[in-house]
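Scroll down for the structure; my scribbles are underneath it.
Keep in mind it's a predicted model, so treat the numbers as computed, not measured.
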Amino acid sequence: MIHSIFFINNSGDIFLEKHYKRVIPKSICDYFFEEVTKNSSPENVPPIIQTPNHILISIYRAQMHFVAVCKSEVPPLFVIEFLHRLADIIKDYFDEVSETSIKDNVVIVYELLDEVLDNGFPLATESNILKELIRPPNLLRSLADTMTGRNSTVSATLPTGQLSNIPWRRSGVKYANNEAYFDIVEELDAIVDKFGGAVCAEVHGSIDCLIKLSGVPDLTLSFVNSRLIEDASLHPCVRHRRFEVERLLSFVPPDGGFRLMAYRASCHGNLPVPLDLRHTISFKQANLLLQKHFHICRENLSNCSHHGPNCFPGGNSGHLELTVIPRPPSGRQLEDLVLTVPMPRAVSGASLVASAGKYSYDTASRTLVWTVGRLDSQKGAGSPTLCGTVCIGACQV
C-alpha cells in the first residue's frame, strides 16, 4: 500500500525518510517539488500527484509536508487520514509537530514508523497501544537508561490490548478517581448580509474527550437534535451501526485523550450569528509632497533616509475601521475571538490601532488578523474597534 514516507520542510529539504517494501529514490519527490513551485502557498499543493510509476499523497501540517509514495491505486482519503494520524501521534509523543522535535527524537520517530505500518499497511495507530510498546521520552527514564546503559525505548512485552477486540484500550486500567471530560468545539462559517442576517450558515464541530475510567467502561452519548448532524467522522471505538440507526454514540473509550467525533451541521440560514461586524473603508490619493519625495528617491532607493529600499513612486492610502458588536446575550460568552480579513494583493501594509486585543498584518499572504480575545456582551460594555490607515500599492504608512 504505502511504499515510502518522506518528511519535507518548507525549504524543500527531505530531513527524514522511511521505506517499507523497497527503497524508492528521493528523486521521486521532484514531481512534488514541481507542484510546490507552481503554487503560491504550501496549502495549495495538490494532495494527490500522479507520476508515471507512482502516486504521491501528501498533507501539510506545522510547516511540513508529509508525503506518502504508493505504487498502485489506493483509497486516497485512507492514506490522507493515516498521515494526519501519524502527525497526531508525533504531537502526542513530543507535545508538538516540528522539524526540531522530530530531529531531536529521531530514534523514537523511526521506532514509531516501524510500528504504525506493517509492510506498508496500517497496523497500530492508537497512542494508547503505541505508548505501551514504545515509551515516550521522559527525563527520569533518560537518566535511568543512561545509568543502566539501556538505549532502547521499545518494551519487552506486547501491548495487552493489541490482540483483543478493543485494541484501542489497554487492559488493567485503574484510577483512584474516575473522571470523564467532553469538550465540544464548534466553528461557525456564515455569509452575512449588510443587515447582520445569516444568508447561509454551517457549523463544523468536534467532540474531544479525556477519559480516566477504570476497567472497561461502556458509555452512551445522546444528542438533543441529532438530525442536524451530517458528514460524521467517528472514532473506531464508536459502534457505527447503532449510530446509523439510533443516532447516538455508544462506545468503549480509549484511555486518555482522543477525538470521539467530527461532524458538520447545516443550519440553512436559521442560525443567529452571535456578533455583528460593521466596517467602513475609504481611499485617498497620496499627497503631493509624498509623491515628490517618491520621484526624488526613485533613482537611489537604498539611500532613501525615510523609507529605504521599500520606497516606490505613487500609490494610494486608505482608512479602515472595523467594529465588533455583540448580539443580545444568549447565555453564552464569546472568548478567544479572532477576526481574519483577507486583503487584496494591492494592500501592501497597514498601520492600525486596536481598542481591544492586538492585530498583525502578513504582507506575504495579505492577511489581517485581529485577536480580540473575550467579547463582553453585557450592557454598557464598549464595542472593540480597529481603525487606522492601510497602504494601497507602493505607498508608505
Side-chain angles (χ1 to χ4, degrees), residues 1-2 59 61 74-93 97 112 115-118 121-133 158-175 177-189 202-267:
M1 189 175 185
I2 297 177
I59 65 170
R61 287 274 299 266
V74 294
L77 292 180
F78 188 81
V79 179
I80 290 174
E81 175 62 25
F82 168 77
L83 293 176
H84 280 291
R85 183 69 64 87
L86 178 60
D88 293 336
I89 292 172
I90 294 175
K91 182 177 180 180
D92 192 22
Y93 262 74
V97 184
L112 290 172
E115 297 300 330
V116 295
L117 288 179
D118 181 21
F121 290 86
L123 177 63
T125 58
E126 289 293 332
S127 295
N128 293 314
I129 301 300
L130 289 172
K131 286 181 179 179
E132 282 193 73
L133 187 60
L158 288 175
T160 53
Q162 184 69 25
L163 301 178
S164 69
N165 58 351
I166 48 173
W168 54 84
R169 185 175 180 86
R170 59 189 178 92
S171 61
V173 180
K174 293 182 180 180
Y175 288 100
N177 296 320
N178 292 307
E179 300 173 326
Y181 301 94
F182 297 86
D183 289 333
I184 300 178
V185 182
E186 292 185 336
E187 175 183 330
L188 171 64
D189 293 335
E202 192 174 70
V203 175
H204 297 269
S206 61
I207 303 177
D208 296 326
C209 307
L210 179 60
I211 306 298
K212 297 182 179 181
L213 299 176
S214 303
V216 185
D218 198 326
L219 306 181
T220 301
L221 181 65
S222 60
F223 303 94
V224 175
N225 191 355
S226 60
R227 293 177 299 175
L228 296 177
I229 298 177
E230 301 176 3
D231 299 336
S233 174
L234 306 175
H235 191 275
C237 70
V238 178
R239 298 181 177 94
H240 188 267
R241 178 62 180 173
R242 190 171 180 184
F243 175 78
E244 290 292 330
V245 176
E246 304 180 36
R247 305 298 289 179
L248 55 81
L249 300 178
S250 176
F251 58 99
V252 176
D255 181 47
F258 67 100
R259 174 156 293 182
L260 178 64
M261 177 185 183
Y263 59 90
R264 180 178 64 88
S266 297
C267 304

Pair Leu249-Met261, side chain to side chain contact (heavy atoms under 4.5 Å, CB included): steps then yes or no: CA-CA 9 Å; Leu249 300 178; Met261 177 185 183; 3.8 Å; yes

Test side chain to side chain contact (heavy atoms under 4.5 Å, CB included) applied to Leu117 and Phe82, step by step: CA-CA 10 Å; Leu117 288 179; Phe82 168 77; 3.4 Å; yes

Derivation and outcome, side chain to side chain contact (heavy atoms under 4.5 Å, CB included), residues Glu126 and Arg85: CA-CA 9 Å; Glu126 289 293 332; Arg85 183 69 64 87; 3.7 Å; yes

Step-by-step side chain to side chain contact (heavy atoms under 4.5 Å, CB included) determination, Glu186 to His204: CA-CA 6 Å; Glu186 292 185 336; His204 297 269; over 6 Å; no

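Here the side chain of Asn178 pairs a donor or acceptor atom with the backbone of Ser214 at under 3.5 angstrom. The backbone N or O of Phe223 sits nowhere less than 3.5 Å from a side-chain atom of Arg247 that would complete a donor-acceptor pair. Between the side chain of Trp168 and the backbone N or O of Ser127, no donor-acceptor pair lies under 3.5 Å. Checked by atom type and distance alone, the side chain of Arg169 pairs as donor or acceptor with a backbone atom of Pro253 at under 3.5 Å. Without hydrogens or angle criteria, Thr220 side chain to Ser250 main chain gives no donor-acceptor distance under 3.5 Å.
Comment: Arg239 engages Asp218 in a salt bridge, judged by a side-chain N to carboxylate O separation of less than 4.0 angstrom.
Residues Asp255 and Leu213 are not in side-chain contact: their nearest non-hydrogen atoms beyond the backbone lie 4.5 Å or more apart. Considering only heavy atoms from C-beta on, Ile207 stays 4.5 Å or farther from Arg259 through its side chain. With a 4.5 Å cut-off on side-chain heavy atoms, Val116 and Pro122 do not count as touching. Side-chain contact between Ile2 and Val79 is present, with at least one heavy-atom pair separated by less than 4.5 Å. Under the 4.5 Å side-chain criterion, counting only non-hydrogen atoms from C-beta, Leu248 is in contact with Arg242. Proximity of His240 to Leu234: side-chain heavy atoms (C-beta onward) are separated by under 4.5 Å at one or more points. Taking 4.5 Å as the limit, some side-chain heavy atom of Leu260 sits within range of a side-chain heavy atom of Leu221.
Atom CD1 of Ile184 sits about 10.0 Å away from atom CG of Asp208, to the nearest 0.5 Å. With rounding to the nearest 0.5 angstrom, the CD atom of Glu81 is 9.5 Å from the CG atom of Leu83.
Other residues, nucleotides and ligands contribute more than 12 heavy atoms inside 6.0 Å of the NZ atom of Lys131.
The two residues Cys237 and Val252 come nearest to each other via the heavy atoms CB-O, 3.3 Å. Here the closest heavy-atom approach between residue Thr125 and residue Ile89 is recorded as O-CD1, 3.6 Å. In plain terms, the two heavy atoms of Ala180 and Ile211 that are nearest each other are CB-CD1, 3.8 Å. The minimum heavy-atom distance linking Ser206 with Tyr263 is given by the pair N-CE2, 3.7 Å.
Note that Arg241 lies outside the cation-pi zone of Phe243, set by a 6.0 Å cut-off to the ring centre and a 45° limit from the axis.
Between the side chains of Tyr93 and Asp88, no donor N or O sits under 3.5 Å from an acceptor N or O.
Taking the six-membered ring for Trp and the full ring otherwise, the centers of His235 and Phe258 sit less than 6.0 Å from each other.
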